[in-house]
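Down below is the structure, laid out as structure tokens.
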Amino acid sequence: MSYILGLKCRECGRLYPKGVINACEYCFGSIEVEYDYEAIRRTLTREAVAARPRSLWRYRELLPIDGEPTVGLHSGFTPLFRAERLGAALGVRELYVKDDSVSYPTLSFKDRVVSVALTRAKELGFDTVACASTGNLANAVSAHAAKAGLKRLVFIPADLEIGKVMASLVYRPTVVAIEGNYDDVNRLCAELSAKYPWAFVNVNIRPYYAEGSKTYGFEVAEQLGWKAPDHIVIPAASGSLITKIAKAFKEFELLGLIPKARTKLYAAQAEGCAPITTAIQAKTDIIKPVKPKTIAKSLAIGNPADGYYATKAVLESGGAAEAVSDDEIIEGIRLLGETEGVFTETAGGVTVAVAKKLIEQGTIPRDGATVLCITGNGLKTLEPLMGRLGEPVRIKPTLKSFEERLGDQLN
Amino acid sequence: MAVTVRIPTPLQRLTNGQGEVQCEGKTVTELLADLEQRYPGIKERICDTDGKLRRFVNVFVNEEDIRFLQGDQTAVKDGDDVSIIPAIAGG
């Protein structure tokens, strides 16, 4: 059964049928899915959710599909855990990590959006799916489309980390590496989507795709014991994850699943690409595009589609934003690894380093429940870590060699 | 010779279904004025009531975002390609 009422422009309020459209045909504003919340309220209870399989589809009523889910049936419901050792290192009492570095099957939160997008793409009759990606999305589209038997093309900047390239190629998509940055990839895909009959998940079916990110927020609230956190630090590329986590808490509140949410949102970006942080710090809703230059390639979007909405969401929540240097990003990756045993990619390093900065500044207080959004896996972005994590101690296979090299560390 | 302007799908109804049209002008502003002359009604879809480009429209001259150039005063010449693209995409 469908809970989608239709589509609506977030700016001018024009209504559209639930087809293929990504921007308002009149004002180019963002298109949002409208749901029948009264009908949802009748079926989506805490008890009903708790009895369902542990996947992102346990919140199916709040996801924009008409029939049953067909893609990503094992995706989502990643661990949320109390990060006591990282909390102690950062000086906060109640810290949690929501860990999508182990998202099934492609090790980033993009499994969420793609599960929803491809289920919807099949419903809309597409046989070919595509995307503009900084890497993780290309991995997820390639893998899920392979499993779903869909044709697949992914478009990436030519200078991506090798791990992210291989983790697409293995699923046998057509990988198109574009000589340019992500914003060039994105512009070309916008033009291609007008010409070819493909579902570009983050272009022409983006309103459905983006809703998948809400499941990250739903899970955080459920796993905290059906309540929203006081503070949540979210990495920002297009800014969509920020707006959808905010929407997730609002929807749960509207449906009476959690008490009133007063969560403050914090945007995390790299200094080399911080258009959203810059706008938030200046308290303006004008997003000035930048030319990205950072090791956090998955966040290297200089012209963020949801920058305006993400900025508004953060400012309305009473939150803030920070940006960190490449060195701080690597330090963030190490800190999460050595305190919590989680190996995150550069975007996760940004989140940890920004959280550290905001806590040290006193912007995030030391006593609330704070969640860090870890959205991707470190094995995909090894290049910037080369020579930065120390080296193995190399020995001969003898007791003598072992004790010579490590003897003084053994006592 | 003239400037080639690529029209986004939602506006192609105003250009008789054409995805590309030819226009004249020395700047992006002049180009949009000429576009309006040829296809009445199109400018109000791209610009707000103050005549400024709408928040969710990006304009590119030869594949470069005009916000990295001189905005709507960016110069254009015969043979250039201009793209008008909805901003809500990607990420």
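Below, chains carry the letters A, B, ... as their sequence lines are ordered, and counting in each starts from 1. As the structure is a prediction and not an experimental result, all values here were calculated from the model.
Using a 4.5 Å cut-off between heavy atoms, Ser30(A) touches chain B through backbone and side chain atoms alike. Interface residue Asn186(A): only side-chain heavy atoms are found under 4.5 Å from chain B. Contacts of Tyr182(A) with chain B are made by side-chain atoms alone, with heavy-atom separations under 4.5 Å and no backbone atom involved. Neither the backbone nor the side chain of Val113(A) comes within contact range of chain B; no heavy atom of the residue lies under 4.5 Å from a heavy atom of that chain. Heavy atoms of Lys288(A) lying under 4.5 Å from chain B are absent altogether. For a residue to count as touching a neighbouring chain, one of its non-hydrogen atoms must lie under 4.5 Å from one of that chain's; by this rule Ala23(A) touches chain B with the side chain only. For a residue to count as touching a neighbouring chain, one of its non-hydrogen atoms must lie under 4.5 Å from one of that chain's; by this rule Arg206(A) touches chain B with the side chain only. For chain A, the nearby part of Asn58(B) is the side chain; its heavy atoms alone come within less than 4.5 Å. When heavy atoms are compared at a cutoff of 4.5 Å, Ile287(A) approaches chain B solely by way of its backbone atoms N, CA, C and O. Contacts between Arg45(B) and chain A at a heavy-atom distance below 4.5 Å involve backbone atoms as well as side-chain atoms. With a threshold of 4.5 angstrom between heavy atoms, Asp183(A) does not approach chain B through any atom at all. Looking at Glu64(B), only its side chain comes within 4.5 Å of chain A, counting heavy atoms on both sides.
Test Arg14(A), Lys8(A), Lys247(A) against Glu32(A) for salt bridge (charged side-chain N to carboxylate O under 4.0 Å, His left out) and you get one pass: Lys247(A).
In this structure, Arg54(B) is not positioned above the aromatic face of Phe28(A) in the sense of NZ or CZ being under 6.0 Å from the six-membered ring centre and within 45° of the axis. Relative to the ring axis of Tyr216(A), Arg112(A) does not place its NZ or CZ within 45° and under 6.0 Å from the centre. Cation-pi geometry between Arg55(B) and Tyr308(A) is satisfied (NZ or CZ under 6.0 Å from the ring centre, within 45° of the ring normal).
The candidate from Leu299(A), Val290(A), Leu241(A) with the greatest count of non-hydrogen atom pairs under 4.5 Å with chain B is Val290(A). Comparing Arg187(A), Glu25(A), Glu11(A) by how many heavy-atom pairs each has under 4.5 Å with chain B, the most go to Arg187(A). Among Ile286(A), Asn202(A), Asn303(A), the residue making the largest number of heavy-atom pairs under 4.5 Å with chain B is Asn202(A).
For Arg38(B), the CZ atom is densely surrounded, since the number of other residues' heavy atoms within 6.0 Å is greater than 12.
Here the side chains of Val5(B) and Leu31(B) are in contact, with some heavy-atom distance below 4.5 Å. Side-chain atoms of Arg6(B) and Phe60(B), non-hydrogen and from C-beta on, never get closer than 4.5 Å to each other.
Thr106(A) and Asp111(A) form a side-chain donor-acceptor contact under 3.5 Å, judged by distance and modelled atom types alone. If you check the side chains of Asn22(A) and Asn204(A), you find no donor sitting under 3.5 Å from an acceptor.
A parallel orientation is assigned to the rings of Trp198(A) and Tyr196(A), their planes being inclined by less than 30° (bins at 30° and 60°).
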